[in-house]
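Here's the structure, in structure tokens; my notes come after.
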Amino acid sequence: MYDMKALYEAKSVPHAIRLLQEHPEAKILAGGSDVLVQMREGKLAGCELVSIYGLDALRGVTMEEDETLRIGSLTSFSHVAQDPLIRKHLPVLGQAADQVGSPQIRNIGTIGGNTCNGVTSADTASTLFALDAVIELTGPEGVRHLPIQQFYLKAGVVDLRPGELQTGILIPKASYHRCFGEYIKYAMRNALDIATLGCSVNAVLTEDRTAYERIRIAFGVAGPVPLRAVSAEALGRGGPVCEETVEAVAQGVLEDINPRDSWRASKGFRLHLAQELTRRALRKSTKEAGGVL
């Protein structure tokens, strides 16, 4: 049994916003893979819930007129991984979504819930950071769009205002065009485990495939929130496609990250992982883009 005060079921996005205004202490229930676990543990005993699970308008992946990819916030991890548009244009995001939890969790958990939790270990978050994703938020004052780097405020806290809900995640064409990426999750188990460290890298090569036009690197569990390794990215930008550039970028990530010691891993081990996962992911991204190392 779940200890709750009340459950309100939203019939539309405006209805959900109204319910959140009427019940400001209520928690949003999407897939429930996190909220229901917290309730079962007693952390949310006696809470009110606003369920948005029935809002099918917030599901699916579409391409807008300007070729921005729009992912509805209620799209499950399984659907993200299997969607034809994701497979064609953003396979690295499907790869990340396919490493979340177990098949049961991937079937019910949503990409919007994964980002709204604000946790640094979220598998899709680092890839969304590397893709310069934009978060769409809908609330009493209308719709606003926020770069994902600004959406994460601190550990476990995102910029979700009273009465607001996340309605979509947008990936601009410039972020995926000619872009090839790789996500690597290091964890103690192959499934049903959170990342000890997650690394997402994507690269765009010059037309002749001999130099890096752009590199983006993002990490999960390398700081209190997911983060971009901007210093390392700058070291690789314009550099030749070779092992020396890969190594310089891998060394450069140490300037950008600040992992912590925990029972899962020491800070020193995470620093080592960050370098090694960057090497592996950048090599794979380079080869997928047609470069030769």
Is Asp66 salt-bridged to Lys173, cutoff N-O under 4.0 Å?
no

Do Lys154 and Asp159 meet the salt-bridge criterion of a basic N to acidic O distance under 4.0 Å?
no

With a sphere of 6.0 Å drawn around CZ of Arg144, does it hold more than 12 non-hydrogen atoms of other residues, nucleotides or ligands?
yes

Between Arg264 and Asp193, is any pair of side-chain heavy atoms under 4.5 Å apart?
yes

Testing the 3.5 Å rule here: is there a donor-acceptor pair between the side chains of Ser266 and Asp261?
no

Tell me whether Tyr183 is reachable from Leu197 by hopping between hydrophobic residues (I, L, V, M, F, W, Y) whose side-chain heavy atoms are closer than 4.5 Å.
no

May I ask you to check whether Phe151 and Phe129 place their ring centers less than 6.0 Å from one another?
no

Nearest heavy-atom pair of Ile52 and Leu74: which atoms, and what distance?
O-CD1, 2.9 Å

Assess whether atom NE2 of His79 is packed by more than 12 heavy atoms of other residues, nucleotides or ligands within 6.0 Å.
no

Do Leu131 and Leu282 sit in one hydrophobic cluster, given that two such residues count as connected whenever their side-chain heavy atoms are within less than 4.5 Å of each other, even indirectly?
no

Check whether any side-chain heavy atom of Leu7 sits under 4.5 Å from a side-chain heavy atom of Ser51, and report yes or no.
yes

Same cluster for Val80 and Met63 if Ile/Leu/Val/Met/Phe/Trp/Tyr side chains link at under 4.5 Å?
yes

Exercise: do Gln166 and Thr115 side chains pair donor with acceptor under 3.5 Å:
yes

Can you see which heavy atom on Thr167 is nearest to which on Ser73, and at what distance?
C-OG, 3.1 Å

Under a 3.5 Å threshold, yes or no: a donor from one side chain and an acceptor from the other, between Ser262 and Arg270?
yes

CD of Glu233 to CZ of Arg237: how many Å apart, nearest 0.5 Å?
7.0 Å

Pair Lys185 + Asp123: basic N to acidic O under 4.0 Å
yes

Less than 4.5 Å apart, side chain to side chain, heavy atoms only: is that true for Val221 and Thr196?
no

All salt bridge (charged side-chain N to carboxylate O under 4.0 Å, His left out) counterparts of Glu65, not counting sequence neighbours
none

Rounded distance (nearest 0.5 Å) linking atom CG of Leu205 with atom CZ of Arg178
8.0 Å

Looking only at side chains, do Asp132 and Ser175 share a donor and an acceptor under 3.5 Å apart?
no

To the nearest 0.5 angstrom, please state how far the CG atom of Leu20 sits from the CD atom of Glu25.
11.5 Å

Should Val241 and Thr210 count as side-chain neighbours, where that means a heavy-atom distance under 4.5 Å?
no

Going through the distances and angles, do Leu153 and Val158 end up as a side-chain contact (heavy atoms from CB on, under 4.5 Å)?
CA-CA 5 Å; Leu153 300 178; Val158 295; 5.7 Å; no

Taking it one step at a time, do His89 and Leu69 satisfy side-chain contact (heavy atoms from CB on, under 4.5 Å)?
CA-CA 9 Å; His89 299 289; Leu69 283 171; 3.8 Å; yes

Under 3.5 Å side-chain donor-acceptor pair for Glu247 and Gln251
yes

Can you name the closest pair of heavy atoms from Pro103 and Ser78 and give their distance?
O-OG, 4.4 Å

How about CD on Glu41, more than 12 heavy atoms from neighbouring residues, nucleotides or ligands closer than 6.0 Å, or not?
yes

Arg87 and Ala81 have their tightest heavy-atom pair at NE-O, 3.4 Å

Side-chain contact test, heavy atoms from C-beta onward, threshold under 4.5 Å: evaluate it for Leu170 versus Glu64 and give yes or no.
yes

Go through the steps for Asp98 and Arg106 under the test salt bridge (Lys or Arg N to Asp or Glu O under 4.0 Å), then give the verdict.
CA-CA 7 Å; Asp98 207 31; Arg106 292 192 292 272; 3.6 Å; yes

Hey, are Ser126 and Ser200 close enough side-chain-wise for a donor-acceptor pair under 3.5 Å?
no

Tyr8 vs His23 aromatic rings, parallel, tilted or perpendicular, using cut-offs 30° and 60°?
parallel

Assess the residue pair Ser285 and Glu182 against the criterion (side chain to side chain donor-acceptor pair (under 3.5 Å)); give the C-alpha distance rounded to whole Å, side-chain angles, the decisive distance to 0.1 Å, and a yes or no.
CA-CA 6 Å; Ser285 300; Glu182 179 78 3; 5.9 Å; no

May I ask whether Phe180 and Ile171 are part of the same hydrophobic cluster, defined by side-chain heavy atoms of I, L, V, M, F, W, Y residues being less than 4.5 angstrom apart, directly or through others?
no

Val253, Val201, Thr120 screened by side-chain contact (heavy atoms from CB on, under 4.5 Å) with Phe219, the one that passes:
Val253

Roughly how far apart are Met4 CE and Lys27 NZ, rounded to 0.5 Å?
14.0 Å

Distance check, rounded to the nearest 0.5 Å: Glu48 atom CD versus Leu29 atom CG?
13.5 Å

Indicate yes or no: at least one non-hydrogen side-chain atom of Ile86 is less than 4.5 angstrom from one of Ile71.
yes

Run the numbers on Val35 and Met39 for side-chain contact (heavy atoms from CB on, under 4.5 Å), then give the verdict.
CA-CA 6 Å; Val35 170; Met39 290 178 66; 4.0 Å; yes

Nearest heavy-atom contact between His15 and Ala10 is ND1-CA, 3.5 Å

Enter the distance from Leu128:CG to Ile169:CD1 here, rounded to the nearest 0.5 Å.
5.0 Å

What verdict does the side-chain contact (heavy atoms from CB on, under 4.5 Å) test give for Thr286 and Leu293, after you've listed the backbone C-alpha separation in whole Å, the side-chain angles of each residue and the deciding distance to 0.1 Å?
CA-CA 8 Å; Thr286 302; Leu293 288 169; 4.1 Å; yes

For the CZ atom on Arg280, are there more than 12 heavy atoms of other groups (residues, nucleotides or ligands in this structure) within a distance under 6.0 Å?
no

Is there a donor-acceptor contact under 3.5 Å linking the side chains of Tyr176 and Asn202?
no

Identify, with sequence neighbours excluded, every residue that meets salt bridge (charged side-chain N to carboxylate O under 4.0 Å, His left out) alongside Arg283.
Glu243

Under the criterion side-chain contact (heavy atoms from CB on, under 4.5 Å), which of Leu137, Ile135, Val134 is the partner of His145?
Val134

Test side chain to side chain donor-acceptor pair (under 3.5 Å) on Thr110 and Tyr53; report intermediate values, then the result.
CA-CA 10 Å; Thr110 65; Tyr53 186 76; over 6 Å; no

Heavy-atom side-chain contact between Thr278 and Val249 under 4.5 Å:
yes

Transitively linked via ILVMFWY side-chain contacts under 4.5 Å: Leu19 with Leu44?
no

How close do Ile215 and Gly236 get, counting heavy atoms only, and between which atoms?
CD1-CA, 3.8 Å

Min side-chain heavy-atom separation Gln21-Pro140 under 4.5 Å
yes

Decide whether Thr206 and Glu213 meet the rule of one side-chain donor and one side-chain acceptor closer than 3.5 Å.
no

